[in-house]
Amino acid sequence: MDTKKGRGRFIFFCLAPAVLLFVIFLIIPTIDVFRMSLYKWGGYTDNKTFIGFQNFSKLFQSDKFYQTFQNSVLLIVIVTIVTFAFALLFASMLTREKLKGQNFFRVVFYIPNILSVVVISAIFSAIYDPNSGLLNAFLNLFRGFQGEPILWLGDHKIVIFSLAGAMIWQAIGYYMVMYMASMANIPESLYESAELEGAGRMTQFFEITIPLIWTNIRTTLTFFIISTINMSFLFVMTMTSGGPDGATEVFLSYMYKEAYTNSSYGYGMAIGVIVFLFSFALAGILNAVTRREHLEY
Amino acid sequence: MKKILSLAITAALTLSLAACGGSTESASGTTTDSSDTKANSGETRTLKLAALETAYGADVWKEITAAFEKATPGVNVETTIDKNIEDVIGPGMKSGDFPDVIHLATGQVKGLTETFVKDNNLTDLTDVLSMTVPGEEVTVKDKLIPGFTDTTITNPYNDGKTYLMPMFYSPTGLFYNAGLFEQKGWEVPTTWDEMWALGDKVKAEGISLFAYPMPGYFDSFFYALLNEVGGADFFNKATSYTEGIWETAEAQQAFDLISKLTTTYTEKTVPANANKDNFTKNQQLILDNKALFMPNGTWVVGEMSKAPRADGFKWGFTALPALKDGGDRYSYTFFEQIWVPAKAENADLAKQFIAYLYSEEAAAIFAKVGAVQPIKGMSDKLDGDNKLFYSIYDNGAKAAMGAFATTDPVEGVNISDTVFRSIDSLVTGAKTQQEWVDGIIKASDELRGALK
């Protein structure tokens, strides 16, 4: 009995510092966001007025907010699906196939991830440039040189996809390495026996690889949501500033604009609350629908 | 034994953590103490200046403060100059530590100055105008070019009181390649009809009439145009969201003009680069003779000084063309502001400092880096490109000043986004003129009730 009590105390003291830091730097600021969303506040001084849920009711009537919501969801969907597909494909190619220069490709794919977003944005701004950009120059080979240049970052209908392109390019390497790590753990014997049974590459991939890295895939799905919301802000800020005319405004860039430029900090925090709840809910839903029986090997 | 040891270790760990927290606290405690004693000793007073580091550089402020300290014995100026000044002084201000004087203009992304204006958090600076400039015999008001302290920017609450003092100013208008006009023998248009005619002529040579760096640059263009179509009175009504103002014939004329300019005469690729990372590519269009005119301010010369340019390139600068022959031409005057937070501890000293900024001595220091203050006779002392730019008002153009009136913050409504940013959509065709105007009317309606 005594030892049990002592052990409990020991665990308590071991955890206390970490819990304390967690509370101070994560729990309290999060609660603060919720609290601030109920105020009308400029953000710099101490003139605050409590206005209840008015910020939220305004938010739900705002067309601009729905536009940013649409843009964010569109980005989450496109970036997740495309990155996921490519990362899985490249990962299985690099682990399962005997390719020349495997390590080289591994490094090359990972490089975008260590580049700063500002650098990536500069690269893609150059690629997307209407007159001297790589993309238009390449397309001109097929289209002929006459005709209007395509405005990758200037056309309302295209710009969000251009943004997604840059984000996908940046993200693939990271997820590829994550998938490769768990693919490397799958015992070779499973593939050998499958091959003896006459299973082709595709069957092996879908029947062995995917089920056995399923836990990893589920984790990354949550990462996709969080990182797309966060990264889209950085890309928007450095590539388009939300333009043209708000066509690439996403959750966080809109929140930033309202909180700072428009002196409505409380309103910005209300957007923050919605983003928080939305990403939490989405991650929860994804987690629930992807639940499978855990496979051991 | 093992238990005791483990307890001792955890205790030590917790203690060290607590010690860490404690030490930072005491460290910050000592710094405030020392500054307090300095202030209380009565011999030297400390003025806290915060300034945004702009193209004029940070050194000029150091020079100014040194000169001010020399001219005002017993005063020590503590300067904070940063390119992200909002982030540097923001956290301190949230906990009640305000700089005494802040040099930061409106129109920045973080909107700090606007937030202070909207929150009524400024010290009234009207009495600075009647203060004598330190070391001189004249008052600040007598030194300033008239009009600068009668704008909706400096007097945001419409009560005749000045809360923000005008600092460096710059005429804005249309910039072009004067060299190209000489080579081709073209005349710089003085009316919009001539402008359209020129636009049609250059189109045949593959040159667009117009380009703009970012849609935000339309502010000066739009304000000047409002003055042209309806005079100062109309401008004031429009910028204070008077009901029905956007449905008047004058407003219609301004909207039609911008619509015609953007849909027919603007280089089509402009919106693709119209963001803060690529806008110099749009400015480059002028240097490369791909577009003729762009709305801009005098800072563009410095901004593009290292950019490649067409042979024989020479900066040209003109006010907005008149609506009809002999009509008024306007050039919008952009200026930065300096102000004192309401909670500044040394507001009196701050006012003295601001008054000093208009002295001959200070003006000369600022002028060295090309920062021109609205002081009478300053423009005569300029040379080079600046002489041409600042003489625009001597050559018949009228000055337009002011901006959209200050309101209480209205969540989700941003008038400059609605008016200026949507111009991108006019160029790409994503919005029609009517949709644009409807948006402006809707935003005006929402802001009217929140007017200060």
Side-chain angles (χ1 to χ4, degrees), chain A residues 3 6-7 9-10 12-14 16-17 20-21 40-47 54-55 58-59 61-65 118 121-122 125 128-131 148-149 151-157 159 237-247 256-258 260-267 270, chain B residues 3 6-7 9-11 13-14 16-17 86 89-90 93-96 98 108-112 114-121 214-215 268-279 281 290 341-343 408-414 416-417 421-431:
Chain A
T3 36
R7 200 157 128 219
R9 201 181 293 152
F10 174 70
F12 172 79
F13 279 113
C14 282
L20 200 70
L21 291 175
K40 192 177 177 76
W41 183 36
Y44 286 109
T45 51
D46 41 11
N47 304 1
Q54 274 181 37
N55 281 333
K58 275 183 200 155
L59 197 55
Q61 286 160 18
S62 158
D63 295 343
K64 275 192 217 159
F65 178 66
V118 180
S121 301
S125 290
Y128 290 144
D129 188 282
N131 295 317
E148 300 265 307
L151 308 183
W152 297 104
L153 292 177
D155 189 320
H156 290 72
K157 297 191 190 82
V159 63
M237 284 319 238
T238 46
M239 272 172 89
T240 64
S241 325
D245 195 12
Y256 183 92
K257 266 188 94 162
E258 283 298 327
Y260 294 102
T261 316
N262 208 22
S263 313
S264 313
Y265 199 82
Y267 189 67
Chain B
K3 205 172 78 187
S6 59
L7 258 180
I9 292 171
T10 40
L13 277 173
T14 341
S16 64
L17 190 76
E86 299 95 335
I89 58 175
M93 293 196 296
K94 272 177 199 163
S95 57
F98 291 88
Q108 300 286 329
V109 185
K110 298 221 172 83
L112 187 136
E114 281 92 337
T115 307
F116 270 76
V117 175
K118 287 173 180 173
D119 284 355
N120 298 332
N121 249 316
M214 280 192 273
K268 289 286 171 229
T269 59
V270 161
N273 290 320
N275 53 62
K276 64 176 189 290
D277 293 282
N278 296 315
F279 70 95
K281 288 185 190 166
K290 286 187 181 145
K343 297 214 170 89
D408 285 323
V410 177
E411 289 81 1
V413 183
N414 186 326
S416 33
D417 266 12
R421 214 178 174 202
S422 298
I423 286 174
D424 270 345
S425 292
L426 292 178
V427 180
T428 58
K431 267 187 192 158

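The figures here come from the full heavy-atom set of this structure, side chains too, leaving out hydrogens, waters and symmetry mates. Convention: sequence-line order gives letters A, B, ...; per-chain numbering from 1.
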Tell me whether the count of non-hydrogen atoms from other residues, nucleotides or ligands lying under 6.0 Å of NZ in A/Lys64 goes above 12.
yes
Checking [X] against chain A: side chain, backbone, both or neither under 4.5 Å from a heavy atom?
X: B/Ser422; answer: both
X: B/Ile423; answer: neither
X: B/Asn121; answer: side chain
X: B/Lys94; answer: both

Check whether A/Asn262 reaches the backbone of A/Ser264 with its side chain - one donor and one acceptor, N or O, closer than 3.5 Å.
no
Checking B/Lys268 side chain against A/Pro149 main chain: does a donor-acceptor pair fall under 3.5 Å?
no
N-O pairing of A/Lys257 and B/Asp417 below 4.0 Å
yes
Answer with side chain, backbone, both or neither: which region of [X] has an atom nearer than 4.5 Å to a non-hydrogen atom of chain B?
X: A/Tyr256; answer: side chain
X: A/Trp152; answer: neither
X: A/Phe65; answer: neither

For chain B, which candidate among [options] shows the most heavy-atom pairs at distances under 4.5 Å?
options: A/Gly266, A/Ala247, A/Gly242; result: A/Gly242
options: A/Ala270, A/Ser121, A/Pro130; result: A/Pro130
options: A/Lys157, A/Gln54, A/Lys58; result: A/Lys58

Between [X] and [Y], is any pair of side-chain heavy atoms under 4.5 Å apart?
X: A/Tyr267; Y: A/Ser62; result: yes
X: B/Phe116; Y: B/Met93; result: yes
X: B/Asn273; Y: A/Leu153; result: no

Under a 4.5 Å cutoff for heavy-atom pairs, which residue among [options] has the most contacts with chain A?
options: B/Val270, B/Asn278, B/Ile89; result: B/Asn278
options: B/Lys281, B/Glu86, B/Gln108, B/Glu114; result: B/Lys281
options: B/Val410, B/Val109, B/Asn414; result: B/Val109
options: B/Leu112, B/Thr428, B/Asp408; result: B/Leu112
options: B/Ala272, B/Ser95, B/Gly90, B/Gly111; result: B/Ala272

Which distance, rounded to the nearest 0.5 Å, do you find between the [atom1] of [X] and the [atom2] of [Y]?
X: B/Leu426; Y: A/Asp245; atom1: CG; atom2: CG; result: 8.5 Å
X: B/Glu411; Y: A/Ser263; atom1: CD; atom2: OG; result: 10.0 Å
X: B/Met214; Y: B/Asp424; atom1: CE; atom2: CG; result: 10.5 Å

